[in-house]
Amino acid sequence: MFSTCSASSLNFSSFHLGLGNNWNFRTCARPTACLSQSQESGNLEPIKKQDKISGIGKTRSATKDQVVISNSQVSQQESSPPLITALKASAEQSAATFHFPGHNRGRAAPSSLTKLIGLKPFVHDLPELPHLDDLFSPKGPILEAQQQAASLFGSTETWFLVGGTTCGIQAAIMATCSPGEILILPRNSHISAISAMILSGAVPKYIIPHYNFHWDIAGGVTPSQVEAAIEEVEKEGRKAAAVLVTSPTYHGICSNVREITQLCHSHGIPVIVDEAHGAHLGFHPEMPYSAMQQGADLAVQSTHKVLCSLTQSSMLHMSGSIVDRERISRCLQTLQSSSPSYLLLASLDAARAQISENPENIFDKALQLSIEVKNTIKKISGISVLDHQGFPNFPSTDPLRLTIGFQQLGLSGYEADEILYNDHEIICELVETQSITFALNLGTCREHVQRLLSGIKHLVAASASTQAVKRKVEGVGESAIFAEIETSLVPRDAFFSRKRRVRVENSLGEICGELICPYPPGIPVIIPGETITKKALDYLRHVRSKGAVISGASDPELASIVVCSN
């Protein structure tokens with residue numbers, strides 16, 4: 001299942017293309033597999049029996065059907081991916097075509113792009129032809145593909161998304177929160193949750209997440225925090241319309257979704273889980289449980305992040321009957337393109353089929369590499385590895401997320417990243433003030449892990465020879481950047497209010513009129529409707545000076561800020 005580090009192109013025809021549902025399509029012979037199963041060799045320290053692969057949280061004991069999707073649910077590996085089958089058959093038709101898109105099945109494809117990616121993506125870039133089904137009213141291959149995904153991921157219904165997890169979060173919030181209703185959510189929620197409140201008119205009730213000041217990293221939320229928020233809303237004579245939880249976070253911190261869900265359900269409140277970084281959870285005994293396994297009502301996953309669909313493709317899963325499925329469908333139709341990409345949709349079907357082939361063992365190699373690289377890095381002087389001790393109030397951490405710190409070397413994450421990239425061509429997932437985060441996945445190979453280790457060792461050696469005195473890396477101080485928030489307007493009212501621009505030094509105490517957000521990770525520092533504080537401005541200046549990109553601000557230099565007029 002695992003190859004060397006050479007890149008391979010997506011090959012739709014590499015799946016067995018038997019037909020189902022009596023579709024009147026032609027079949028083709030099954031080609032040989034394009035991925036090798038050769039063993040890789042390297043110099044990493046071997047994994048020991050006593051080492052738990054997760055190694056960063058409480059171990060869990062459960063039967064196979066509790067942890068890994070049961071054999072009855074993944075029996076669909078014996079059949080072909082339905083959407084792949086339909087797309088291939090349609091592309092092979094010898095038809096006179098007078099439909100969109102304009103490249104006409106590649107006949108007029110721009111040469112500059114075909115030289116880069118070839119002609120096949122254009123041949124399969126088809127519109128919603130009758131036999132390819134309708135994303136918003138599926139009855140054929142899209143419906144079957146979504147049903148197979150629901151079976152695999154343990155949901156009662158699954159929707160394919162071509163607008164990323166962003167549109168799934170927006171639809172989930174819009175489907176559960178009407179204008180003026182209260183949404184309980186962590187203040188470090190993704191920017192998509194903020195845009196969802198603008199679209200829905202929901203009123204935020206923020207929970208300040210646990211924060212590790214040494215690492216300058218926000219964690220998740222605990223059941224007791226959620227309970228306190230629910231009680232505060234009830235004391236006001238109101239009831240929360242929904243609770244949103246981010247689990248896992250960008251750094252892999254997992255909240256106790258099971259207890260949070262049980263608590264919310266006892267109050268009749270649905271639970272939405274932003275599981276963008278957790279589509280792989282639940283597929284191995286050493287993985288944390290998925291949101292669906294823990295009873296969440298809605299979970300939105302970026303299938304493209306750790307699983308292998310194309311970028312921008314995601315899934316929205318629903319369980320139970322608290323949330324109105326028809327309202328979900330209407331919201332998705334409102335938010336998604338009326339011309340969805342079949343390449344994205346087919347890639348979701350292909351990613352599902354890939355996991356279905358071997359769900360119990362497909363992550364073995366990645367997990368082994370993860371524990372090996374963490375064990376090795378922990379022995380390198382001057383380097384820290386974020387583990388469960390950094391967030392002891394949370395039950396588990398994603399074992400495929402690696403966050404390392406360089407504070408002992410006097411280097412910020414931005415400075416360390418620049419060295420690793422410029423000198424060793426190592427590209428990470430996330431850079432922050434105190435750390436760098438690396439994402440391991442099914443495509444991670446030993447050669448790249450060896451290069452990472454070599455780069456870190458060279459960085460440490462260079463630091464030791466050039467720095468006689470290690471300087472202290474500046475962090476956020478003794479409180480999280482959003483610990484002092486004061487909301488003066490709900491996000492929707494602030495978004496649509498009249499605005500004016502002021503110099504940044506004159507903005508203190510003003511109501512922010514724009515969403516200002518270092519990206520990644522996409523966690524807003526100031527949200528429309530919040531009062532601008534000195535701490536927030538200082539943090540934005542600090543991360544920008546270190547190389548962070550500030551999105552959302554109309555003035556990228558942060559010399560001025562748009563505020564709401566009184």
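Here the structure is a predicted model, which means the values were calculated and not measured.
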Evaluate Asn104 against His99 for side chain to side chain donor-acceptor pair (under 3.5 Å), listing each step before the verdict.
CA-CA 7 Å; Asn104 204 334; His99 58 69; 5.7 Å; no
Checking Gln293 side chain against Ser290 main chain: does a donor-acceptor pair fall under 3.5 Å?
yes
Which atom names give the shortest non-hydrogen contact between Thr303 and Ala279, and what distance separates them?
CA-CB, 4.2 Å
Could you tell me whether Tyr250 and His277 have their ring centroids closer than 6.0 angstrom?
yes
Decide yes or no on side chain to side chain contact (heavy atoms under 4.5 Å, CB included) for His131 and Gln93, but give the supporting numbers first.
CA-CA 12 Å; His131 47 279; Gln93 287 180 318; 3.6 Å; yes
So do the side chains of Leu298 and Val271 get within less than 4.5 Å of each other, counting heavy atoms only?
no
Here the gap from Glu429 atom CD to Thr437 atom OG1, rounded to the nearest 0.5 Å, amounts to 8.5 Å
More than 12 heavy atoms from other groups under 6.0 Å of CZ on Phe438
yes
Please name the pair of heavy atoms, one in Ala242 and one in Cys177, separated by the smallest distance, quoted to 0.1 Å.
CB-SG, 4.0 Å
Once you measure the plane-to-plane angle for His103 and Phe122, does it fall in the parallel (<30°), tilted (30-60°) or perpendicular (>60°) bin?
perpendicular
What are the two closest heavy atoms between Ser309 and His304, and how far apart are they?
OG-N, 3.2 Å
Side-chain touch Asp349/Leu87, heavy atoms, less than 4.5 angstrom:
no
With a 4.5 Å cut-off on side-chain heavy atoms, are Leu400 and His280 touching?
yes
Set out, in order, the CA-CA distance, both residues' side-chain angles and the distance that settles side chain to side chain donor-acceptor pair (under 3.5 Å) for Thr114 and Ser111, then state yes or no.
CA-CA 5 Å; Thr114 58; Ser111 60; 5.5 Å; no
For a side chain to side chain contact (heavy atoms under 4.5 Å, CB included) check, start with the C-alpha distance between Arg446 and Arg451, then their side-chain angles and the critical distance, and finish with the verdict.
CA-CA 9 Å; Arg446 192 171 294 274; Arg451 190 192 298 185; over 6 Å; no
If I take atom CG from residue Asp398 and atom CG from residue Leu440, how far apart are they, to the nearest 0.5 angstrom?
9.5 Å
Kindly determine whether Val273 and Met292 satisfy side chain to side chain contact (heavy atoms under 4.5 Å, CB included), including the steps that lead there.
CA-CA 9 Å; Val273 178; Met292 286 289 100; over 6 Å; no
Report the distance from atom OG1 of Thr246 to atom CD1 of Ile272, rounding to the nearest 0.5 Å.
10.5 Å
What distance separates Ser396 OG from Leu281 CG, expressed to the nearest 0.5 Å?
8.0 Å
Sub-4.5 Å side-chain heavy-atom contact between Ile362 and Gln354:
yes
Going by heavy atoms in the side chains, are Met197 and Val490 under 4.5 Å from each other?
no
Examine distances only and state if a side-chain atom of His267 and a backbone atom of Ile269 form a donor-acceptor pair shorter than 3.5 Å.
no
Determine yes or no for a side-chain-to-main-chain donor-acceptor pair under 3.5 angstrom, with Thr165 supplying the side chain and Ser302 the backbone.
yes
Verify side chain to side chain donor-acceptor pair (under 3.5 Å) between Asp274 and His190, making sure each step is shown before the conclusion.
CA-CA 8 Å; Asp274 178 351; His190 188 261; 5.3 Å; no
To the nearest 0.5 Å, what is the distance between CZ (Phe136) and OG (Ser337)?
7.0 Å
With the side chain counted from C-beta on, respond yes when Cys512 and Glu514 share a heavy-atom pair under 4.5 Å apart, and no when they do not.
yes
Rounded to the nearest 0.5 Å, what separation is found between the CD1 atom of Ile328 and the CG atom of Asp324?
8.5 Å
Got Arg401 and Pro248 here, is their nearest side-chain heavy-atom distance under 4.5 Å?
no
Tell me whether Lys499 contacts the main-chain N or O of Phe495 through its side chain, where contact means a donor paired with an acceptor under 3.5 Å.
yes
Nearest heavy-atom approach of Tyr342 to Leu132 is OH-O, 3.0 Å
Main-chain N/O of Lys120 paired to His124 side chain as donor or acceptor, under 3.5 Å
yes
Going through the checks in order, is the side chain to side chain donor-acceptor pair (under 3.5 Å) test met by Thr85 and Ser80?
CA-CA 7 Å; Thr85 301; Ser80 61; 3.0 Å; yes
Taking every non-hydrogen atom, the tightest pair across Leu143 and Asp133
N-OD2, 3.4 Å
For Leu345 and Ile142 the tightest heavy-atom approach is CD1-CD1, 4.2 Å
Between His284 and Asn361, is any side-chain donor less than 3.5 angstrom from a side-chain acceptor?
no
Verify, without hydrogens or angle tests, whether Glu157 (side chain) and His317 (backbone) share a donor-acceptor contact under 3.5 angstrom.
no
For Ile198, does its backbone N or O pair with a side-chain atom of Arg492 as donor and acceptor, under 3.5 Å?
yes
Are Ser195 and Gln170 close enough that a side-chain donor and a side-chain acceptor fall under 3.5 Å?
yes
With a 3.5 Å distance limit and no angle check, can you tell me whether Ser200 reaches the backbone of Ala196 through a side-chain donor-acceptor pair?
yes
List the steps, then state whether side chain to side chain contact (heavy atoms under 4.5 Å, CB included) holds for Arg107 with Arg105.
CA-CA 6 Å; Arg107 296 180 181 90; Arg105 304 193 181 207; 3.8 Å; yes
Is the closest side-chain heavy-atom distance between Met287 and Leu367 below 4.5 Å?
yes
Is the side chain of Glu181 donor-acceptor paired with the backbone N or O of Ser178 at a distance under 3.5 Å, no angle test?
yes
Between Arg187 (side chain) and Pro524 (backbone), is there a donor-acceptor pair under 3.5 Å?
yes
